[in-house]
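Here's the structure, in structure tokens; my notes come after.
Worth knowing before you read on, the calculation uses all heavy atoms, side chains too, and leaves out hydrogens, waters and symmetry mates.
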Amino acid sequence: MVEVNLRCMEPVDPASSPAGDVAPADGETPWLDDEEMAAWLGLARLVSRLPAELDRQLQRDAGLSHFEYQVMAGLSQSPEHTLRMSRLAEFAEGQLPRLSQVVARLEKRGWVTRRSDPSDGRSTLATLTDAGMAKVVATAPGHVATVRSFVFDPLTRAQVRQLRDICRRVGARLGDTC
């Protein structure tokens with residue numbers, strides 16, 4: 001097994017590495033080959049670093065966390081800028097307790113309101129206010145520029161299509177339906 005430098009995703013000389021080969025304990029696990037390992041380590045690093053970069057940009061430019069922005073963006077794209085909290089949690093990939101805390105902060109800033117769902121009293125609706133929509137509109141250009149800079153500018157058009165297809169395939173394994 002070839003070891004990989006986690007910083008630049010390049011093979012490391014095994015003679016200079018203390019780890020050595022690791023055999024599967026159960027004899028059945030299909031270990032990652034060198035190409036898969038390099039791809040996996042690159043993806044793992046990317047999914048750690050990209051959200052942190054997006055968070056830094058949003059905090060610096062808009063005073064929002066990436067999660068807060070995702071919540072507001074989800075509402076901005078919904079009919080009447082309103083979603084049930086449970087659906088909003090799915091969209092933003094967050095748990096309801098965390099979402100409730102974030103929405104409470106957004107309410108204090110005048111960007112979101114909450115009310116009982118008239119069609120189902122057990123559910124709560126979150127609505128983006130006009131001020132919240134204005135905040136999304138003002139924040140979006142900087143966020144899109146950051147996404148473009150980190151994700152799309154380094155890729156060819158064919159690679160963008162491949163990335164889309166890869167995300168769909170992996171997402172389907174994770175239960176995504178879109």
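Without hydrogens or angle criteria, Thr139 side chain to Val136 main chain gives no donor-acceptor distance under 3.5 Å. A donor-acceptor pair under 3.5 Å is formed between the side chain of Thr146 and the backbone N or O of Gly142.
Residues that satisfy the ring-ring contact (aromatic ring centres under 6.0 Å, His included) test with Phe67, not counting sequence neighbours, are absent from this structure. Listed by chain and number, the residues in a side-chain contact (heavy atoms from CB on, under 4.5 Å) with Ala131 are Trp111, Thr129 (sequence neighbours excluded). Partners of Asp33 by salt bridge (Lys or Arg N to Asp or Glu O under 4.0 Å), not counting sequence neighbours: none found. For Asp130, the side-chain contact (heavy atoms from CB on, under 4.5 Å) test picks out no residue, with sequence neighbours left out. With sequence neighbours left out, Thr127 forms a side-chain contact (heavy atoms from CB on, under 4.5 Å) with Thr82, Thr113, Arg115.
Annotation: the span from Leu83 atom CG to Ser78 atom OG amounts to 3.0 Å, rounded to 0.5 Å. Rounding to the nearest 0.5 Å gives a distance of 8.5 Å between CZ of Phe91 and CG of Leu75. The line from CG of Leu128 to CD of Gln77 is 10.5 Å long, rounded to the nearest 0.5 Å. Note: Leu46 CG to Leu41 CG = 12.5 Å, rounded to the nearest 0.5 Å. Atoms CD and CG, on Gln70 and Leu88 in that order, are 10.0 Å from each other to the nearest 0.5 Å.
Inter-residue side-chain proximity for Leu163 and Val151 is flagged as met; some heavy-atom pair is nearer than 4.5 Å. Residues Met85 and Leu125 fail the side-chain proximity criterion, which asks for heavy atoms closer than 4.5 Å. Looking at heavy atoms from C-beta onward, Ser116 lies out of side-chain contact with Arg122 at the 4.5 angstrom threshold. Counting heavy atoms from C-beta outward, His66 and His143 have side chains that approach closer than 4.5 Å. Between Gln57 and Ser149, every side-chain heavy-atom pair lies at or beyond the 4.5 Å cut-off. Annotation: side chain of Arg169 is not in contact with side chain of Arg173 (no heavy-atom distance under 4.5 Å). When side chains are defined from C-beta on, Asp117 does not count as touching Thr124, because their heavy atoms never get closer than 4.5 Å. Considering only heavy atoms from C-beta on, Asp120 comes within 4.5 Å of Ser123 through its side chain.
Met133 and Val103 end up in the same hydrophobic cluster when Ile, Leu, Val, Met, Phe, Trp and Tyr side chains are linked at under 4.5 Å. Note: the hydrophobic cluster containing Val112 also contains Leu96 (ILVMFWY, side chain heavy atoms under 4.5 Å, direct or indirect links). Leu64 and Leu54 end up in different hydrophobic clusters when Ile, Leu, Val, Met, Phe, Trp and Tyr side chains are linked at under 4.5 Å. Residues Val47 and Leu32 fall within the same hydrophobic cluster, defined by Ile, Leu, Val, Met, Phe, Trp and Tyr side chains chained together at heavy-atom separations under 4.5 Å. By the rule that hydrophobic residues join a cluster once side-chain heavy atoms approach within less than 4.5 Å of another member, Val147 and Val160 end up as members of one cluster.
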Is there a side-chain contact (heavy atoms from CB on, under 4.5 Å) between Arg109 and Glu68 once you walk through the steps? CA-CA 12 Å; Arg109 295 169 96 175; Glu68 289 168 331; 4.3 Å; yes
Can Arg105 and Val102 be said to form a side-chain contact (heavy atoms from CB on, under 4.5 Å), step by step? CA-CA 5 Å; Arg105 284 196 309 267; Val102 165; 3.3 Å; yes
Could you walk me through whether Ser100 and Gln95 satisfy the side-chain contact (heavy atoms from CB on, under 4.5 Å) test, starting with their C-alpha distance in whole Å, then the side-chain angles of each, then the deciding distance to 0.1 Å, before giving a yes or no? CA-CA 9 Å; Ser100 290; Gln95 300 295 319; over 6 Å; no
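The two residues Pro141 and Ala138 make their nearest non-hydrogen contact at CD-O, 3.6 Å. Here the closest non-hydrogen pair linking Leu99 and Ala89 is CD2-N, 3.5 Å.
The salt bridge (charged side-chain N to carboxylate O under 4.0 Å, His left out) analysis of residues 133-162, with sequence neighbours excluded, yields no pairs.
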